[in-house]
Amino acid sequence: MDCLSDSFVPVSSILSGKCEGKKVSIRGWVHRARSSGGLAFVILRDSSGIIQCAVKKGVVEEKAFDAAKGVYVESSCIVSGTPKKDERAPGGWEISAADFGLIHLGTPFPIAKDQSVEFLLDTRHLWLRSQKLTKIMKLRDYATRSLRNFFDERGFFECVPPIITKSACEGGSTLFQLDYFGTPAYLSQSGQMYAEVYMTALEKVYILAPSFRAEPSRTVRHLSEYWHLEPEMAFYNQKMNMQLQEEMIVHVCHDLGKNHADLLTDIGREPEKLLAVRGPFPRLTYEKAIEKCRSLGCKIEYGQDLGADEEAALTKEASQPIFIHNHLKAFKAFYMREDPNKPGTVLSNDLLAPEGHGEIIGGSERIWDAAELRQRMEEQNLPMSDYQWYVDLREYGSVPHAGFGLGIERLCKWMFGLDHIRDAIPFPRTINRAYP
Ligand code: ATP
Ligand code: MN
């Protein structure tokens, strides 16, 4: 049989009971196989699920039986037969094969049980076929779809930013520099400033693109390349900004918890944890957060930014995300607007995920007055020439606006209950790895 024909059914439709008693053909990869005497069991995997196939000598042709008996894990194959209920089989269904054919036998698969983390990262291009990573990648897709739907329903436009830039949005220390026809340029750390440009035309926009950070540290929550969702809204203040973030997080948690509970359960995450997320999220000023950290035993002083330890302490016992807002102007980005009611603090907000995961969002109301922006740039010694275009936005019909940046892998790490951010992205880039 030709594997390119469209007469194959997905494994999931067999598992759902729709094909009981009908003759079907499936195609995919060998998940596991064993044989004894005249019986070979081939567990076949396609993108929709796995199912056991019983291939019996005498029932199928000799050549087909020999092929089934000789498969390796991950050989690709075709099976035709009739599905029947079988409680002993994984998923509760078994196909009694009437025919079996190899597409490609291949060579023995290098990944067996109990491999080291490093080995699995070296063979990531093969390990991505594993059930756990397959399910995580599906969930990741469902999460980004859900986020896109959320913004789509609210009249946002998706926009694309440049990746090669001249200016350093989040400060120079974590920039990847490249040679741009003889002059230095950088991989983008954030599309925010470009989102602000689109905002002046389309009002409510978001960017979903990779951001690059030359993070010199090894942590469980930093990648050097990650996917960054950056909404930017005209005529929004800090309060509206936080409200939108809260609604977005509740939306995506409930969407996955309701509609993809099986996948979550399969990867060891309780859907109830996501269904229990609901607003209003606790809101703490930076000042109150410092007091709380100190009462929990952290050594942080007023004036220092919260680090991973403090975020973990604040969120370890929490079941809801927590907003920390009004950070000190002194350590926040130059474009964040100072709070007229609390001078010395900016209209910022971070969102910390519960269960110890920590920061997943950084947001703020932006400075929209040109003179105020110039002054902050001078205070922070930023070269005006790199940012003239950004200041220009405040010269021509400027409006109050706000926005935020969400790290997709940080969100997934929390929602899926992962120990390490590298499992939230197919090909993690970290300080010691850019292969495969
Ligand atoms: P952190 O203090 O945790 O390094 P940050 O303050 O540098 O975060 P922002 O510059 O505010 O983060 O970026 C916005 C969001 O992008 C963060 O809230 C986070 O979700 C995500 N993010 C930032 N850096 C990384 C990274 N290296 N890897 C993965 N996600 C990141
Ligand atoms: Mn950082």
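Just follow the structure's listing: the first ligand is 1, and inside any ligand the first atom is 1. A quick note: this is a predicted structure, and the numbers were derived from the prediction, not measured.
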**Asked** Does Tyr72 have its ring centroid less than 6.0 Å away from the ring centroid of Phe109?
**Response** no
**Between Phe334 and Tyr387, ring centroids under 6.0 Å** = yes
Under 4.0 Å from any heavy atom of [X], which atoms of ligand 1 are there?
X: Leu223; value: 26 (C), 27 (N), 28 (N), 29 (C)
X: Arg213; value: 7 (O), 9 (P), 10 (O), 12 (O), 13 (O), 23 (C), 24 (N)
X: Ile361; value: 18 (O)
X: Gly405; value: 14 (C), 15 (C)
X: Ile421; value: 29 (C)
X: Gly362; value: 18 (O)

Under the 3.5 angstrom rule, does the side chain of [X] hit a backbone N or O of [Y] as a donor-acceptor pair?
X: Arg429; Y: Ala434; result: yes
X: Arg45; Y: Ile43; result: no
X: Arg410; Y: Leu406; result: no

**N or O contact, Leu406 vs ligand 1, cut-off under 3.5 Å** = no
Have a look at ligand 1 and work out which part of [X], if any, has a heavy atom under 4.0 Å from it: side chain, backbone, both or neither.
X: Asp350; result: neither
X: His228; result: side chain
X: Glu215; result: side chain

**Request:** Determine, considering heavy atoms only, which of Glu409, Lys413, Glu359 sits nearest to atom 8 (O) of ligand 1.
**Result:** Glu359
**Prompt:** Cation over ring, Arg148 on Phe150, under 6.0 Å and within 45°?
**Reply:** no
**Request:** Ignoring hydrogens and angles, state whether a donor on the side chain of Thr174 or Gln189 is under 3.5 Å from an acceptor on the partner side chain.
**Result:** yes
**Min heavy-atom dist Arg221 to ligand 1 below 4.0 Å** = yes
